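Since this is a predicted model, take the numbers as computed values, not measurements. Residues take their numbers from the sequence shown, with the count starting at 1. What's counted below: heavy atoms across the whole structure, side chains too, no hydrogens, waters or symmetry copies.
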Amino acid sequence: MAANIDYDAVEVGTELPSRSYPVTRETLVRYAGASGDFNPIHWNEKFAVEVGLPDVIAHGMFTMAEAVRVVTDWAGDPGAVVEYGVRFTKPVVVPNDDKGALIEVSGKVAAKLDDRRVRVDLVVVCDGKKVLGMSRAVVQLA
């Protein structure tokens with residue numbers, strides 16, 4: 001698969017449109033059902049606090065998936081992402097209120113690679129703290 005974006009039209013430093021993704025406790029319950037990950041740190045505040053967390057936290061894989069949406073939306077084809085990896089640096093704490101948390105994602109083309117591919121580096125923050133480090137995707141362009 002390849003993106004709808006022409007490799008020759010992209011420069012190092014090209015910024016992708018930034019996005020913000022709200023996360024509520026309901027979001028976490030829905031994700032747990034879809035993924036089968038019912039670890040109580042993602043839905044039980046008492047348990048999360050007992051194991052040393054500040055509150056319920058979002059699933060790491062959920063956070064990772066939300067972040068890469070910036071890349072797939074830009075590319076126009078999710079199949080164009082040929083590599084993707086992150087380091088989990090801080091948890092996304094999701095309070096039990098009407099607002100929840102907000103994952104904010106920005107990205108830019110960091111390198112042009114061989115075979116019409118680019119590396120996109122993402123910055124992923126929540127509540128002013130970087131929640132994913134070394135967040136990088138390799139995208140196959142047209």
Side-chain angles (χ1 to χ4, degrees), residues 1-45 47-49 51-142:
M1 301 286 216
N4 300 327
I5 298 169
D6 182 20
Y7 177 85
D8 297 322
V10 175
E11 299 293 329
V12 170
T14 298
E15 293 189 18
L16 282 61
S18 297
R19 300 269 314 262
S20 296
Y21 303 102
V23 185
T24 64
R25 295 280 178 96
E26 179 183 358
T27 308
L28 300 181
V29 169
R30 290 176 184 271
Y31 182 81
S35 69
D37 181 352
F38 293 101
N39 187 324
I41 64 173
H42 303 304
W43 58 270
N44 183 320
E45 186 173 330
F47 183 85
V49 171
V51 298
L53 296 168
D55 205 334
V56 165
I57 62 170
H59 303 73
M61 296 304 284
F62 171 81
T63 305
M64 188 177 174
E66 288 291 83
V68 80
R69 288 176 56 192
V70 165
V71 179
T72 59
D73 289 350
W74 172 73
D77 178 2
V81 176
V82 296
E83 292 178 33
Y84 178 49
V86 305
R87 290 185 188 213
F88 300 104
T89 56
K90 298 259 188 234
V92 173
V93 177
V94 183
N96 191 18
D97 60 19
D98 294 336
K99 294 185 341 184
L102 191 66
I103 300 170
E104 299 174 273
V105 185
S106 61
K108 67 179 167 182
V109 175
K112 291 185 85 167
L113 309 172
D114 294 336
D115 298 327
R116 303 186 72 78
R117 293 178 175 189
V118 296
R119 190 187 85 220
V120 175
D121 290 355
L122 299 172
V123 175
V124 185
V125 299
C126 181
D127 199 25
K129 297 176 187 130
K130 197 171 190 179
V131 295
L132 297 179
M134 300 292 291
S135 185
R136 297 178 172 171
V138 175
V139 184
Q140 182 71 56
L141 299 184

query = So, the side chain of Asp127 versus the backbone of Lys129: is there a donor-acceptor pair under 3.5 Å, distance only?
reply = no

request  = Taking the side chain as every heavy atom from C-beta outward, state whether Val92 and His59 have any pair of such atoms under 4.5 Å apart.
outcome  = no

Trp43 side chain to Phe38 backbone, donor-acceptor under 3.5 Å = yes

key: CG-OG1 distance between Leu132 and Thr63, expressed to the nearest 0.5 angstrom   = 6.0 Å

request  = Output yes when a side-chain donor or acceptor of Tyr7 lies under 3.5 Å from a complementary backbone atom of Val118, and no otherwise.
outcome  = no

task = Any chance you could measure Leu28, atom CG, to Asn39, atom CG, to the nearest 0.5 Å?
result = 11.5 Å

inquiry  = How close do Val49 and Pro54 get, counting heavy atoms only, and between which atoms?
reply    = CG2-O, 4.0 Å

task = Please report the shortest heavy-atom distance between Asp55 and Pro95, naming the atom on each side.
result = OD2-CA, 3.8 Å

query = Does Arg69 CZ have over 12 foreign heavy atoms under 6.0 Å away?
reply = yes

Distance, nearest 0.5 Å, that separates CD of Glu66 from CZ of Arg19 = 8.5 Å

ask   = Mind checking whether Val123 and Glu104 have side chains closer than 4.5 Å, heavy atoms only?
value = no

Heavy-atom check, side chain of Trp74 versus side chain of Glu15, under 4.5 Å = no

inquiry  = For a quick test of reading the model, state the closest non-hydrogen atom pair linking Pro22 to Leu102 and the distance between them.
reply    = N-CD1, 3.7 Å

key: Under 3.5 Å: donor-acceptor pair, side chain of His42, backbone of Ala32   = no

remark   = Value for NZ (Lys90) from CD1 (Ile57), rounded to nearest 0.5 Å, stands at 12.5 Å

task = Measure from the side-chain N and O atoms of Thr14 to the backbone N and O of Val109, and report whether any donor-acceptor pair falls under 3.5 Å.
result = no

Closest heavy-atom pair and its distance - Val82, Gln140 = CG1-CB, 4.2 Å

task = Please confirm whether the backbone N or O of Gly79 pairs with a side-chain atom of Asp77, one donor and one acceptor, at under 3.5 Å?
result = yes

task = Might you point out which heavy atoms bring Val23 and Ala58 nearest each other, and give the distance in Å?
result = CG1-CB, 4.5 Å

ask   = Where does the angle between the aromatic ring planes of Tyr31 and Phe62 fall among parallel (under 30°), tilted (30 to 60°) and perpendicular (over 60°)?
value = perpendicular

task = Look at Arg25 together with Asp97 and state whether they make a salt bridge at an N to O cut-off of under 4.0 Å.
result = no

remark   = For Ala142 and Ala3 the tightest heavy-atom approach is CB-O, 3.4 Å

key: Distance in Å, Asp6 CG paired with Arg116 CZ, rounded so as to fall on 0.5 Å steps   = 5.5 Å

Atom pair CG (Leu16) and CD1 (Ile5), whose distance is rounded to the nearest 0.5 Å = 7.0 Å

Donor-acceptor pair, side chain of Tyr84 and main chain of Met64, under 3.5 angstrom = yes

